[in-house]
Each structure stands twice: as structure tokens, then as C-alpha cells.
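Have a look at the structure below, then the notes.
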Amino acid sequence: MEVKHVEALFTGLKYLYFSGVSDYLPWLRGWDVDGKEKIVREADKTIKALQNPIIDERIRQWRSGERKEIDDLIDVLVTLKDDLINQPDLMAKAVEEIDRVVGKESRLVHESDFGSLHYVKACVREAFRLHPVYPFNVPHVSTCDTVVAGYLIPKGSHALLSRYGLGRNPEVWTDPLKFDPDRHLDGTGDHNSVVLAEHDLRFISFSTGRRGCVAAVLGTCMTTMLLARLLQCFTWAPLEDGKGVIDLAEAKDELFLATPLVAFPKPRLAPHLYPKTN
Ligand code: HEM
């Protein structure tokens, strides 16, 4: 069931930006000439069938007062972790930071720790730069004639930013294909400026402006918490039967991994610190 769920989520993501003939010839809508509408409808049906009962049950529990505490994170594996697994020295630096700020003995990472987890946030920023989930941002249409970097963008143009092109632009980033979180630390030791939003659009995380992500703060918390707890709670290693490294090659037709990530987690904290499930 979990496999079906993840497949349906990724299908939805894959076709989110699909542009078909009917975008330009609206009278073809409903005929599904590209066949993509059917694929997306089926994925949507699967997602709703699997998610809605869980969400409805949660709503019922909150409303009835049965549930009083928030106790789980949505478990998504980020490509970032593969980069760290392949570069143990970087992973050790992030883990060392978490151990120094939070400790290993008494508790898990809390949101209040984020202000001190600069290297962890730099890792997330680097992952956003190097591994966008999709090549472009959400399409926008210019509402008036605009000049950007000397180019005229006439009113009514469809504007697509290349996430891939921005994040890997050699004129902006030194050695752009290298996963190097240190590039986001300013070298002064004052790392309070490590934020995941990038308003200068040197890469796209939450985008910017009026139609930028409305939940940049929530998205930052979710992503930082996810990575910090994955690193705090487990030691991650490639499987023994592999070649000892994670294959980071991207698929030919999308930016996800060509070979799915399989890594081995080994608990590194005392058993009582792990949340219990019923
Ligand atoms: C790591 C997590 C997230 C990332 C990287 C992210 C990124 C983005 C990006 C790039 C956009 C498009 C901006 C554009 O059109 O140029 C966007 C839009 C949006 N995001 Fe997020 N997002 C995240 C999490 C969330 C969460 C958790 C929520 C809601 C709870 C959310 C709600 C929205 C909404 C409503 C928009 C549409 C805004 C508009 O068009 O006015 N996002 N997000």
C-alpha cells in the first residue's frame, strides 16, 4: 500500500507541470488527447483513497479532544541524505553539530535548536540548489512589458525559470556540481543568515515575490527537522551488497535518482528516546 501511495504521489508531481495541446487549444479539453488526464486522475484517486481516511481520522481525534499532542513527521527521504552518505566527512560534521547543540542523551532535536544548527541548514540549502525536484518553477504570465537583464519580456509571456540552470550556473556558483554546504556559510562565524529562502533567485527554494511559497517558514521547519532527526537518530550507510556508494546519477527523463535510494539506518541513541508507535 505504501509503495502504491508513493508511486501515486510521484506521478502527481511528475505531471504537475505537464503542458498539453489543450493548454493552447482549450476546446480540446475533456478529450484528453495526450492521455495524461487519465493518468493524473487515477493517481489522484489513489492518493485520496489512501490519505483521506487518515486525515479524516486525525480531524475526528482533534475535534473530540482524543488527541492533544503533535507526534509525527511525514517521512520523506530527501536526495540530500545520499549526498551526505557518499561524503562521510560532511555527514560527520552535521552530526557533530547536532550532538554539540542538542546532545545524545536526553532529547530529540526541537524547533528551538534550529537557530544553532547552521551546518544542517547549509546542507538543506545545498540540496535545494543542487537537487531541485523539478526542472522549472510553476509557470507565471507577465502582466505587463518587463525588462529583465536587458531582455524584454512582453506582456502575456509565459515565464518559466530553470531551477536546474539557476542552481548550477557556473557564473554564480564555483564548482557547481560539487555538494558543498560550506559555500552557504559566510566564513565570519555568524551564521544566523543561513536561511532556506533565496530571494535573489540564485537558485529556487521557495521562490519569491507575491506568488512565492506562502509557507516558507513551515517548509523550512519541516525540512530542517526531517534532516536533523534522520541524522541525530540514525547512522546511515550504503548497503554492504552494493559497491559501498550510493549511485547519485539522475534518471534520463527527470531529476529523481535513476536507481532508488537504499540505505541502512542504525540507531545511535538510547532506545527510550525513540517515539513509540501503537
Ligand atoms: C520544503 C517545502 C516547500 C518548498 C520547497 C516549497 C516551494 C514552493 C515554490 C517554489 C512555490 C512556487 C512559487 C512560484 O509560483 O514561483 C510554492 C508555492 C506555494 N506553496 Fe510551497 N513549498 C514548500 C512547502 C509548502 C507547504 C508546507 C505549504 C502549505 C502548508 C505550501 C504552500 C504553498 C502555496 C499555497 C503556494 C502557492 C502560492 C501562490 O501561488 O500564491 N508550501 N512553494
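Remember, it's 1-based here, ligands and their atoms both numbered in the order they're listed.
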> If you measure from the Lys or Arg side-chain nitrogens to the Asp or Glu carboxylate oxygens, is any gap between Glu57 and Arg60 under 4.0 Å?
Replying inline: yes

> Which residue owns the protein heavy atom closest to atom 30 (C) of ligand 1, what's the atom, and how far is it?
Replying inline: Leu218 CD2, 3.6 Å

> So with a 6.0 Å cut-off around CZ of Arg107, is the heavy-atom count from everything else above 12?
Replying inline: yes

> What atoms of ligand 1 come within less than 4.0 Å of a heavy atom belonging to Met222?
Replying inline: 27 (C)

> Which atoms of ligand 1 have any heavy atom of Gly212 under 4.0 Å away?
Replying inline: 13 (C), 38 (C)

> What is the distance from atom CG of Leu185 to atom CG of Asp180, rounded to the nearest 0.5 Å?
Replying inline: 9.0 Å

> Are any of the N/O atoms in Arg211 less than 3.5 Å from those in ligand 1?
Replying inline: yes

> His140 to ligand 1: N or O pair under 3.5 Å?
Replying inline: yes

> Crowded around Arg211 CZ? As in, over 12 foreign heavy atoms under 6.0 Å?
Replying inline: no

>> Please check this pair: side chain of Glu111 against backbone of Cys221, looking for a donor-acceptor N/O pair closer than 3.5 Å.
In response: no

>> Within the 4.0 Å heavy-atom shell around Arg163, which atoms of ligand 1 are there?
In response: 10 (C)

> Going by the order shown, which atoms of ligand 1 are within less than 4.0 Å of some heavy atom of Thr223?
Replying inline: 1 (C)

> Quick check: does any side chain N or O of Lys121 sit under 3.5 Å from a backbone N or O of Phe114, one acting as donor and the other as acceptor?
Replying inline: yes

> Mind checking whether Ser207 has an N or O less than 3.5 Å away from an N or O of ligand 1?
Replying inline: yes

>> Given Cys213, Gly219, Ala215, Cys221, identify the one with the heavy atom nearest to atom 18 (C) of ligand 1.
In response: Cys213

> Does any N or O in the side chain of Tyr134 come within less than 3.5 Å of the main-chain N or O of Arg163, such that one atom is a donor and the other an acceptor?
Replying inline: no

> What is the ring orientation for Phe179 with His131, classed by angle as parallel under 30°, tilted 30 to 60°, or perpendicular over 60°?
Replying inline: parallel

> Numbering the atoms of ligand 1 from 1, which are under 4.0 Å from a heavy atom of Ser205?
Replying inline: 5 (C), 7 (C), 10 (C)

>> Closer than 4.0 Å to some heavy atom of Val138 - which atoms of ligand 1 meet that?
In response: 12 (C), 15 (O)

> Does a side chain donor of either His184 or Glu126 reach within less than 3.5 Å of an acceptor in the other side chain?
Replying inline: yes

> With a cut-off of 4.0 Å, which atoms of ligand 1 are near a heavy atom of Val214?
Replying inline: 32 (C), 33 (C), 34 (C), 35 (C)

>> One residue to check: Ala216. Relative to ligand 1, which of side chain, backbone, both or neither has a non-hydrogen atom less than 4.0 Å away?
In response: neither

> Got the closest protein heavy atom to atom 4 (C) of ligand 1, with its distance?
Replying inline: Phe206 CE2, 3.3 Å

